[in-house]
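The next block holds one structure in the form of structure tokens; read it before the comments.
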Amino acid sequence: MAREMGRALGAAPEEQVECKPVGRAMVVHRRGRMSPAAQSLAWSIAEDPDNDVVVLDIPHNCPVWMWEAVAKSLPKRRRGLRLVVGERSHEMTAMTGQWLSERLRRTVFAPDGMVVRGAAGTLFVHSGRESGWVRFTPGKPPRWESKRFPRPRWETAAVDHPWPTSSGGVAEPVPGGVWLRSVHTAPRMQDHRRTLAQSMLVRRDRMSVVLGCPGGVPLSLDDIARLWVNVPPEARWDIRFVRFGPVDLPDGVSLGQAIADLVDQPVVVSQGMPVEGVDGSVVRIVHPSGALGWMPFVRELGFNPRRMTGGVASLPTVLDHRTPLEGLPEIAPGVFQYTPDAVLEVVQGGLWMRSPDGAVSPDTVRGTPLDPSHFWFVYDCQNEAVSARMRTLAQDVMARLSADVQPVCRLLPTTSLELGAVRRTAERLGSAGGAEFNGPLRHGSYADVPAPVDLVWAEESAVPEPDAAEVVTASAGGEGEFGGEGESEDGAATGDAATTGNAAAAGDVAAAQDAAVVREVQPPEQSATAAAEGSPAAETSAAAEVSATVEGRAAAGSATEGIADRLVGQESAPVPPSPPHPAPLPQPPPLAAAAGTVRLESSLDYDDVLRELGLGDDAVEEPEPGDEPPAVEPEVVERRPAEVRAQPEPKAEAAALLPAVGIEKERAWLRRTLSRQFDHLSTSAARLLSEQPGLRAHGQDQDVVTDLVALRLYLSEEGEALDEALHTATVGPHVPFARCVVAGLRRMGTHRGRVSLRAQVEPEHLDWYRDTPSFSDWGFVNAVPWGAGDWPGNCDIEIWSLSGRRTTGLEPPGSGLAERVVFLPGTRFSLLDLVRDDEGAHRIVLRECSAAETGGGDLAAEASQRYEQLARAGLDRAATATAGPTPSASALARLSALPGLVVAR
């Protein structure tokens, strides 16, 4: 320490300050004294395509000569600078930006106000009126730029300071848009404000208008209307209303319908709060307490005012949804083919398993609103045979749903919705979750459904006036409300409702399925008769009320660009009818998904049958060729910028790194779950063990065989999806499988030298490697110890390996390879060279970093310099590598993955 202080005191001023690239930013700090806070901030900042992001990590009372050293440490470029300054006054920040702009002759963006770190690397500057990012240009006066970085397209439409909408309401700017709430103080308001600032995602093309505050005074609809009229008309299409607290609504009217009727224009309501996910933006439901919960399948709903729908409230249109299960073909917007005789439809309340050619009471199912405490899985029940078949398929889907949805999933038939079982189930089970289900329920039959009506965006669109005989009274449906009073359901339903009280607390899939009590299905006539006998007055009036519903659904996908053009005059896509079957399909037995659960080191249950990885025995029936829609010739469009996503660092429960306590439970899980594959491959693994006794260096023979079988299984086609799951840092059944693969690789020999792979890159990928000279890959990086031959791709990637593992003796027969080199998850790489070629023959040169380079300090810097020299010398000696055999298509997919990036194959 004394030697370092003496060296610092004797150094020149410009040598006491250094600039280091960290993530997508650069950190200017005193030599050897980068603070953890500045390093963490630099790693989290979003990329600025037009400016160099610079984090100033110097004392606020630094001497004058240090500023000159800061200016000299910055690289000389023509790009602008975006300064992120620490704890410093507004005046000092403005002086810093102006001085650096004149000194460097570069445009400088500096914050004028407190900088708030938001989700996905956004920076929000807010300290009152006119605070935000200020643009300093040499020779010109400063100019206000925005409050948010990156700048969304709705920036000028959002309020920039707290603005009163009435004597009881206020619109407050937040990173993701606007928070419209009551002026009265609510419990834990600071915690809720912190949630909106740090958790809610800032979306470039969608402005979130957050309504209400949990536990506060209900927000008036008049406040919403005043905010709406103050937003420019061209920016209103970007507004997404997000329910956060209580709103004062009319009885029996949903939030979206009430707002649409009030402003007399179509509006879009989010089913939850947008937050950052591993695959981009996701939506999570908001509990009455303000806590974020599970992810609904329908993310956005569009509502038309009654003026555009003939004076009656139509069902909301699903504008954005997520896929229930990966790999299901979408045959219509929100409708997925599950088996030849069944489709899985995404509805606002959950999921619906039905027949392709019709179902019982579709208006009731599609009109059932979302309940924050429960996710409704409805299955069709036209008759007893159809009911049994749909229930079996629904149970199979339930076993494959994500872990955040399974504990709140409730399975029930369509007739339970008609007779009010949803409301009574919510009342019985909702006490634990604190949610109230007060959305109106719709009654009617399949024959009562009126003609489909699509969501209309153009105000000039003519709406035909219905005949007097066709006008019927309907209660508006929508999402479940947090605070309003809903209509009471006194009618008694015959049979038992589908309830699973204990399963939600236990979180056990098998218990949830076994506890689901489904009443015996009756014909519609008998059900109506029984209901009338149970409560004559209530059920008679309910049967007389017929809801005016719609079946129009908007096109799936992004609802952010051109919503008006996409939805005006668009017809609902019909569901292709299922081909006739000569005989009923055999009914598979119910799937016992969670039998014999094992709790692993990460305290999570991994008892899914790995359908996502293609390793399960129960495959979903594929639709026949005749069921597929006709192919449409793709349109020729100009190239869009490629989406480049760096692999996020996984948490402990999602990482493939070996835990300190060992992986005995993971090995036992692998032998139990993949028993068929294990028995098939254990013989070849035992033979390899006899040929190479050195593999027994650590562990018992059973553990060694398990690890080698896992590695052999990963190298085959069945393990192809493992890397994609690891790249996105998701938690699931792939984690114990990956840990066993890591244990198997550690038993194999190391390779020290050059390895190669070839990939298809876009300019954005090359820019990422240029701006990120050091990164980690959290999956398995595959390469070959020879030069890439005649493989597809436009970029050769060469890596100097220090500890890559060779797979000699374990390559599958169909891979076309004798061996390959695989880097373990968590391996860190450093960029040595990057060559762009106008003819498309790019080249990226990397090296594997050693453990001695971690931790920082002089020793790590010296080790990094020494290993870089060794890598360059070794690569120069192996400059002319001989091309090897061409691998199979399955192996080639992994040999063309870009290290460090999440690339969809």
Side-chain angles (χ1 to χ4, degrees), residues 326-327 400 606-619 647 650 654-658 663 666-667 669-685 688 704-748 757 777-784 804-827 887-899 902-905:
E326 294 295 333
R400 301 173 58 186
Y606 298 104
D607 288 280
D608 201 311
V609 286
L610 294 181
R611 290 184 179 84
E612 294 85 352
L613 299 177
L615 303 179
D617 297 331
D618 299 327
Q647 298 177 16
L657 307 180
L658 299 184
I663 59 169
E666 280 84 348
R667 291 187 178 112
W669 173 88
L670 181 70
R671 288 190 291 263
R672 184 186 71 252
T673 307
L674 305 178
S675 58
R676 180 178 60 84
Q677 292 90 338
F678 184 84
D679 295 339
H680 177 69
L681 297 176
S682 59
T683 303
S684 58
L688 178 64
V704 176
V705 171
T706 302
D707 298 342
L708 296 180
V709 168
L711 176 57
R712 172 64 172 76
L713 195 58
Y714 162 72
L715 297 175
S716 65
E717 296 183 0
E718 293 180 309
E720 185 175 348
L722 179 59
D723 290 318
E724 297 181 22
L726 292 176
H727 288 171
T728 54
T730 56
V731 179
H734 63 276
V735 176
F737 176 45
R739 290 175 178 174
C740 294
V741 175
V742 170
L745 281 174
R746 288 185 175 274
R747 301 182 184 277
M748 307 303 292
L757 59 125
D777 193 295
W778 299 99
F780 297 94
V781 178
N782 288 241
V784 291
R805 303 292 172 152
R806 308 178 78 106
T807 61
T808 308
L810 286 177
E811 284 292 337
S815 67
L817 300 173
E819 64 173 353
R820 74 183 82 175
V821 177
V822 181
F823 294 92
L824 298 175
T827 301
S888 64
S890 175
L892 193 60
R894 276 177 270 191
L895 292 171
S896 61
L898 293 172
V902 179
V903 181
R905 300 192 184 108

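The figures that follow rest on heavy atoms only: side chains count, while hydrogens, waters and symmetry mates do not. Source: prediction; values computed, not measured.
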Could you check whether any side-chain heavy atom of Arg806 comes within less than 4.5 Å of a side-chain heavy atom of Val822, counting everything from C-beta outward?
no
Do Val784 and Leu895 have side chains that approach each other closer than 4.5 Å (heavy atoms only, starting at C-beta)?
yes
Hey, are the side chains of Thr728 and Gln647 touching, using non-hydrogen atoms and a 4.5 Å cut-off? no
Side chains of Phe823 and Phe780: closer than 4.5 Å at any heavy-atom pair?
-> no
* **Sub-4.5 Å side-chain heavy-atom contact between Leu711 and Leu745** => yes
The reported gap from CZ in Arg671 to OG1 in Thr706 (rounded to nearest 0.5 angstrom) is 4.0 Å
d(Arg894 CZ, Tyr714 OH) to nearest 0.5 Å is 5.0 Å
Sorted by chain and residue number, the side chain to side chain donor-acceptor pair (under 3.5 Å) partners of Thr807 (sequence neighbours excluded) come out as Glu811
Rounded to the nearest 0.5 Å, the CG atom of Leu810 sits from the OG atom of Ser716 at a distance of 11.0 Å
### Ionic contact status for Asp707 with Arg667, cut-off 4.0 Å
yes
Determine whether His727 and Asp777 make a side-chain contact, defined as any pair of heavy atoms from C-beta on separated by less than 4.5 Å. yes
* Heavy-atom side-chain contact between Leu757 and Asn782 under 4.5 Å -> no
When rounded to the nearest 0.5 Å, the distance separating CG of Leu670 from CZ of Arg739 is 13.0 Å
